[in-house]
Amino acid sequence: MRTEVSTYQMRYQMTAGDHGSPIQLLSPDGERHPNEHFDHYLDDVDGESGAQTLASLYEDMVVARRIDAEGTALQRQGQLGLWPPFVGQEAAQIGSAHAIGADDFIFPSYREIGVAYVRGASLPDLVRQWRGNAHSGWDPFALNMAPSQVVIGAQTLHAVGYAMGVLFDGAETAAVTYFGDGATSQGDVNESMVFAASYQAPVVFFCQNNHWAISEPVGLQAHVPIARRAPGFGIPSARVDGNDVLACLAVTREALERAHSGNGPSYIEAVTYRMGPHTTADDPTRYRDPNELEDWKERDPIARFEAYLGGLGLLDDELRSRVAAKADAVAAELREATIHMPDPAPGSLFEHVYAGPHSVLDRQRDQFERYHGGISSATLVEGGH
Amino acid sequence: MIEQNPLVQMTFAKALNAGLRRAMERDPRVVLMGEDIGKLGGVFRVTDALQKDFGAHRVIDTPLAESGIMGTAIGMAYRGYRPIVEIQFDGFLYPAFDQIVSQVAKLHFRSLGRVKVPITVRIPFGGGIGSPEHHSESPEAYFVHTAGLRVISPSNPQDAYAMIQEAVASDDPVVFLEPKRRYHDKGDVDTSVGLDGPGGLAMGSARVASEGRDVTLVAYGPLVKTCLDAAIAASDEGVSVEVIDLRSLSPIDYATLETSVRKTGRLVIAHEASRTGGLGAEIAASIAERCFYYLEHAPVRVTGFDIPYPYSKLEFYHLPDLDRILDGVDRVLGRPNSLSGTEEGE
Ligand SMILES: Cc1ncc(C[n+]2csc(CCOP(=O)(O)OP(=O)(O)O)c2C)c(N)n1
Ligand SMILES: [Mg+2]
């Protein structure tokens, strides 16, 4: 028994580290590495005309981080029931989201709040479910983005099914699904890869490996880099530096190009880090070495991008103050919208359970209204129908 | 000197932790499996410090895959282990549902009793803690409907402490439903109660939680406390309510229920789960069959509605509370109630 235990522990620790270096176009100190394969996906970013694209990536990352901080603050003040911070994952989310076309359909987990922001979700729609006012926010068909998914991994199958529909329709759009490192262990996620490969469905799997699934390190889920799993299913994959917004943008564009041109599914592992707790209910000091967080702060995605912009001479006072003002305004609006969000009407409990009438539930609704109408009201005494 | 039983005040969660610890000390083949149960001690801290004390080979953090956890637990059982599986929240057990219903529940039967499946499936269940979706469900009816599973739910720290040990010792698979909104409730626990202590074993039997003459009020898990509060409120109005804590949902201890209903002639059943096909339906039908001539009124159910568990702002409109339970008591007594003047209200 002793030896079995120590073998187990040894293997577990050995594989907790990374293998294979991820695709990186910006080094942590903000230096741009030319890349033969990926550079042509960044034609609108590199060179003279790129200033605007770069500024919009920068703005979205900064605003996203501010939304996240505001979400945490609102939860601490009792305005939200829970909040899943994505601080540290801005490059992975904003970079990939900027690659996705308006006609492509996204199937996210719960943490893609930055993606939803880029997609155009209204600010109240970002927090509605975390306040407990509804089970979802935005209209999926207005944004081409499904409601956030709490059941780990379930959405990956939905993305593949959507992509199968695209394929059978002969259309040229694609589906993109986001999920975490922990999710890669779920049967659903593995089955979704089987289906995607079998039909050569136009789908992009975007795994944000933020190194943790609540308290479980990624080494418990996989003994090889997660990206290496996909080829076993017959799906080409890439391992990308998830804190490099340009790399995330380029790699996602490549994958979508493959999907749009009839070349089937792709799988991206974006190697990033969950700098915050799992949710505001979590206490990472119970399971995580604080030095690890310090290490990852050195690789902060926004600081890296600022260094790059600075090197290009683009990070002037004008850009800085414009972006800061935008972040302030968004945060203030989010706060106002949250604090003044009206509670749902009690009767809404019974709405949308079915698309049509349902005799049993309709009767329960009548009784519910009667009960909350008060048993002594005059109308009740008269009106037994 | 007479030996006093050591009464210790504990939270519900701590009582479970102590019961698990005792079960692990008693039998080295008992192992815990689940997500985040090691260093973190589970999201509710029920397994706090157990990995530190028993090692990573007995308190096993698993990959994030419920079907995987349940299926491998079955394999461990073939090897003679007694796995205790933790499902993190009720809403996340469904990926494991196939393994539970098609495999765990049936293996003893289909192997002609040759393969025992002494797995305990711990599931924090029920609502009332302000969570997002999939964190507040009451799936008990699915399991009660599945032959081969025992289903139990403690309502207080003492029973939690004793029943978890019994569940682990059972050679049958046990679905162990923990009322998560009661995890922080405190109560006195007699730690001598347990498998190797004197009597007091709880698992298969219902408990008369408070005696009464006029109405039998049946509940389990999270609503037992609410029903006890309702009984006190009713007694202020001169109505004597007998509260029965089922503890075991499969099998149901009908002997205890029958004795009570023969005395009171009136039955109210309360649960958080949806009404249709719920435990209340089963109990009402069985008591009607067994005690028809003793009943003064049709049994009354006070339950969650037939809706998906709602967003937290409205959850207390969905969950039976003290007032709705008292309304049910009024109904079964034929007193003025929310249905008075309607057909249902007679
Ligand atoms: C089916 C299922 N099991 C368990 C959970 C509880 N849970 C919520 S998040 C989480 C960890 C997810 O980790 P990962 O996939 O890496 O995503 P991250 O949270 O890091 O973004 C777990 C276990 C769940 N939501 N769904
Ligand atoms: Mg993760």
Side-chain angles (χ1 to χ4, degrees), chain A residues 1 4-5 8-9 12 81-82 110 128-135 150-154 180 182-188 213-216 220-222 281-283 286-287 343-344 346 348-350 353 358 360-361 363-368 370-373 375-376 380-385, chain B residues 28 35-43 45 48 55-58 60-68 88-89 91-92 94-95 98 129-135 274-276 303 305-315 317-318 323-324 327 330 336-345:
Chain A
M1 191 48 106
E4 274 171 47
V5 176
Y8 168 81
Q9 283 169 342
Y12 175 82
L82 191 76
Y110 42 86
R128 219 173 279 290
Q129 67 187 302
W130 306 110
R131 189 168 163 84
N133 283 52
H135 280 331
V150 168
V151 179
I152 299 297
T184 62
S185 292
Q186 284 286 10
D188 277 4
I214 309 187
S215 74
E216 299 190 337
L220 184 58
Q221 318 288 345
D282 180 38
D283 173 13
R286 284 180 72 97
Y287 54 80
D343 283 352
S348 69
L349 284 179
F350 298 90
V353 180
H358 185 286
V360 169
L361 187 59
R363 182 173 142 126
Q364 287 182 17
R365 183 212 298 254
D366 286 348
Q367 292 179 353
F368 177 83
R370 195 175 293 279
Y371 176 84
H372 288 285
I375 56 167
S376 59
L380 244 173
V381 177
E382 291 161 16
H385 51 96
Chain B
E35 297 159 6
D36 305 291
I37 66 171
K39 272 191 188 163
L40 186 62
V43 296
R45 309 293 185 260
D48 188 27
H57 59 301
R58 290 194 67 196
I60 304 165
D61 267 334
T62 63
L64 206 180
E66 289 76 10
S67 179
Q88 199 162 80
F89 279 89
F92 308 139
Y94 303 111
D98 172 58
I129 65 162
S131 278
E133 62 178 335
H134 309 297
H135 290 76
S274 298
R275 165 170 307 211
T276 299
T303 69
F305 303 107
D306 289 345
I307 61 174
Y309 195 87
Y311 18 96
S312 60
K313 287 272 180 190
L314 295 185
E315 68 181 329
Y317 284 92
H318 172 68
D323 288 333
R324 270 177 67 199
D327 184 64
D330 285 340
N337 65 77
S338 67
L339 298 180
S340 298
T342 70
E343 279 168 40
E344 306 102 85

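Lettering of chains follows the sequences in order, A, B, ..., and the numbering in each one begins at 1.
- Of all heavy-atom pairs between A:V150 and B:H135, the closest is CG1-CE1, 3.7 Å.
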Checklist entry - Going through the checks in order, is the salt bridge (charged side-chain N to carboxylate O under 4.0 Å, His left out) test met by A:R363 and B:D306? => result CA-CA 11 Å; A:R363 182 173 142 126; B:D306 289 345; over 6 Å; no
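- Taking the side chain to side chain donor-acceptor pair (under 3.5 Å) definition, one finds that A:D283 meets it with A:T285, sequence neighbours left out.
- Of the two parts of B:R324, the backbone and the side chain both hold a non-hydrogen atom closer than 4.5 Å to a non-hydrogen atom of chain A.
- Annotation: the span from A:L349 atom CG to B:E315 atom CD amounts to 10.5 Å, rounded to 0.5 Å.
- Each of A:D343, A:L361, A:N133 has some count of heavy-atom pairs under 4.5 Å with chain B, and the biggest count is that of A:N133.
- With a 4.5 angstrom heavy-atom cutoff, A:T184 does not touch chain B via any of its atoms.
- In terms of the side-chain contact (heavy atoms from CB on, under 4.5 Å) criterion, residue partners of A:P346 (sequence neighbours excluded) are, by chain and number, A:F368, B:Y317.
- With a 4.5 angstrom heavy-atom cutoff, A:I152 touches chain B only via side-chain atoms.
- For A:D282, the part lying under 4.5 angstrom from a heavy atom of chain B is the side chain only.
- Ion pairing between a basic and an acidic side chain is recognised when a charged N comes within 4.0 Å of a carboxylate O; B:D36 and A:R286 show no such pairing.
- Rounded to the nearest 0.5 angstrom, B:T62 OG1 and A:E216 CD are separated by 5.5 Å.
- Considering only heavy atoms from C-beta on, A:Q364 stays 4.5 Å or farther from B:I307 through its side chain.
- Atoms CD and OG, from B:E35 and A:S185 in turn, are 9.0 Å apart once rounded to the nearest 0.5 Å.
- For the atom pair A:R370 CZ and B:L339 CG, the distance stands at 7.0 Å (nearest 0.5 Å).
- When atom types are taken as modelled, the side chain of A:Q129 and the backbone of B:P132 share no donor-acceptor pair closer than 3.5 angstrom.
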Checklist entry - Can A:V360 and B:R275 be said to form a side-chain contact (heavy atoms from CB on, under 4.5 Å), step by step? => result CA-CA 10 Å; A:V360 169; B:R275 165 170 307 211; over 6 Å; no
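- With a 4.5 angstrom heavy-atom cutoff, B:R58 does not touch chain A via any of its atoms.
- Nearest heavy atoms, A:G182 versus B:L64: O-CB, 3.4 Å.
- Proximity to chain A (any heavy atom under 4.5 Å) is shown, for B:S131, by neither the backbone nor the side chain.
- For the set A:A213, A:G81, A:P344, A:G187, the count of heavy-atom pairs under 4.5 angstrom toward chain B peaks at A:P344.
- Heavy atoms closer than 4.5 Å to chain B are found in the backbone of A:A183, but not in its side chain.
- Nearest heavy-atom pair across B:Y311 and A:S348 is OH-OG, 3.3 Å.
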